[in-house]
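See below for the structure under consideration.
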Amino acid sequence: MSPMQLARRGVARRVALTPMTPLEQVRAGRMGHRVVQLLVGLVLFGVTMALLVRATLGLEPWGVLSYGLIRHIPLSYGEMVIATSFVVLLLWIPLRQWPGLGTVLNAVVIGLATDATLSLGPPVEGLGWRALLMVVGVVGNGLAGALYIGSQLGPGPRDGLMTGLAHRTGRSIRLVRTSIEVTVVVLGWTLGGVVGLGTLVYALLIGPVVQLFLPMLTVRLGPPAQEPELAETSGS
C-alpha cells in the first residue's frame with residue numbers, strides 16, 4: 001500500500017471517542033498512560049506553535065489573534081495564549097459546559113511550552129528553512145492535537161467552544177468552526193496579527209492531519225461506569 005493510500009485510509013477511519021463527563025473522564029481508567037499522552041501532546045502543540053511563529057509565513061487562526069493582541073498588551077506570546085484560553089473558558093458558562101482535566105492543562109501548558117521554545121529558538125533566515133518550519137509546524141500541530149484529543153481527558157478551550165456552540169445552535173461543526181476561525185483571523189489581522197501562506201496551509205491541512213493520526217492515538221476506553229444509584233434504577 002502506497003503512502004498516499006495509507007493517508008487516505010487513515011483519514012477515512014472512524015474514531016472511538018467515548019462521550020464522558022469530566023468525572024467520568026477521570027474514572028475511565030488508564031490514567032497514567034492518558035495523562036502522559038495528554039502532556040506530550042500539549043507540549044508538542046506549544047512547540048509547533050512556536051515553529052509557526054519563527055517561520056513568519058502566517059500563523060494559525062487563534063495565533064493570529066494572540067499575535068495581534070500582544071502588539072497592544074504587554075504580554076509574551078505564550079502568556080497571551082494562556083490569557084485568551086481562560087477568556088474562552090468563560091464563554092463556556094452560558095453554554096453550560098464543564099472543563100475536564102485536559103481542558104485546564106490545555107489552557108496553561110501550551111502557552112508555557114510556546115514561550116519556552118521561542119526563548120530557545122532564534123529567528124530563522126532563508127525562505128527554504130522558514131517554509132520547512134511551517135510544514136513541520138502544521139504537521140506537528142496536527143499530531144499534537146491527535147495526542148491530546150486521543151487521551152480523552154476533555155477538549156481544549158477552543159474545541160469546547162466550537163462543540164458547545166454547535167450543540168446549542170444546532171449548526172454543523174464545520175460551519176461553527178469556520179465562523180469562529182474567520183472571526184478570530186479578521187480580528188487578529190486588524191490588530192496586527194500575521195496572516196499569510198502558513199495561515200492558509202494550516203486551514204487546509206490541520207483537519208486531515210488530525211484525522212490521520214487520531215485513530216492511531218485514541219486511547220481505547222470502555223463505556224463510562226454507571227453510578228450505583230443509576231444502575232439500580234435502570235435495572236428495576
Going only through I, L, V, M, F, W and Y residues with side-chain contacts under 4.5 Å, is there a path from Phe86 to Leu69? yes
Do the side chains of Arg34 and Gln25 get nearer than 4.5 Å, heavy atoms only? yes
For a side chain to side chain contact (heavy atoms under 4.5 Å, CB included) with Val176, tell me which candidate from Arg168, Met162, His167 qualifies. Met162
Taking Thr178 for the side chain and Leu175 for the main chain, is one N or O donor matched with an acceptor at less than 3.5 Å? no
Closest heavy-atom pair, Pro157 versus Asn106, reported as atoms and distance to 0.1 Å, is CD-OD1, 3.3 Å
Any heavy-atom pair between the side chains of Tyr148 and Asp159 that's under 4.5 Å? yes
For Arg71, does the CZ atom have more than 12 heavy-atom neighbours from other residues, nucleotides or ligands under 6.0 Å away? no
Verdict with reasoning, Met49 to Val81, per side chain to side chain contact (heavy atoms under 4.5 Å, CB included): CA-CA 10 Å; Met49 284 180 64; Val81 170; 3.9 Å; yes
Atom CZ in Arg158, atom CD1 in Ile110: separation rounded to 0.5 Å? 7.0 Å
Assess the side chains of Thr117 and Arg54: does a donor N or O sit below 3.5 Å from an acceptor N or O? no
Step through the shown structure and confirm whether more than 12 heavy atoms of other residues, nucleotides or ligands are within 6.0 Å of OH on Tyr67. no
CG of Leu197 to OH of Tyr202, rounded to nearest 0.5 Å, is 15.0 Å
Looking only at heavy atoms, what is the nearest atom pair of Thr169 and Leu165, with distance? OG1-O, 2.6 Å
Transitively linked via ILVMFWY side-chain contacts under 4.5 Å: Val88 with Val104? no
Is there a path of hydrophobic side-chain contacts, each under 4.5 Å between heavy atoms, that joins Val194 and Ile73? yes
So, for Pro122 and Leu120, which heavy atoms are closest and what is the spacing to 0.1 Å? CD-O, 3.5 Å
Can you list, by chain and residue number, the hydrophobic cluster partners of Leu90 when the side-chain cut-off is 4.5 Å? Ile93
Derivation of the side chain to side chain contact (heavy atoms under 4.5 Å, CB included) call for Leu133 and Trp129: CA-CA 6 Å; Leu133 276 187; Trp129 288 110; 5.9 Å; no
Quick check: is Leu42 connected to Val40 through a chain of hydrophobic side chains (ILVMFWY, heavy atoms under 4.5 Å apart)? yes
Looking at every heavy atom in both Met20 and Leu221, which two are closest together, and how far apart are they? CE-CD1, 3.7 Å
Between atom CG of Leu101 and atom CE of Met31, what is the distance when rounded to the nearest 0.5 Å? 5.5 Å
Is atom CH2 of Trp92 surrounded by more than 12 heavy atoms (other residues, nucleotides or ligands) closer than 6.0 Å? yes
How long is the straight-line distance from CG of Leu65 back to CG of Leu187, given to the nearest 0.5 Å? 5.0 Å
Any side-chain heavy-atom pair of Val219 and His33 under 4.5 Å: yes
Mind checking whether Leu112 and Ile82 have side chains closer than 4.5 Å, heavy atoms only? yes
In short, Gly46 meets Ala113 closest at the heavy-atom pair CA-CB, 4.0 Å
Check whether any side-chain heavy atom of Pro155 lies under 4.5 Å from a side-chain heavy atom of Thr103, and answer yes or no. yes
With the side chain counted from C-beta on, respond yes when Leu217 and Leu143 share a heavy-atom pair under 4.5 Å apart, and no when they do not. yes
Apply side chain to side chain contact (heavy atoms under 4.5 Å, CB included) to Leu161 and Leu95, showing your working. CA-CA 8 Å; Leu161 175 64; Leu95 299 176; 3.9 Å; yes
Are Leu51 and Phe45 connected in the hydrophobic side-chain network, where two residues link if heavy atoms are under 4.5 Å apart? no
Euclidean distance, Ile149 CD1 relative to Leu38 CG, rounded to 0.5 Å: 11.0 Å
Check the pair Tyr77 / Leu59 against side chain to side chain contact (heavy atoms under 4.5 Å, CB included), numbers first and verdict last. CA-CA 12 Å; Tyr77 185 81; Leu59 301 171; 4.1 Å; yes
dist Ile206:CD1 -> Glu181:CD (nearest 0.5 Å) comes out at 9.5 Å
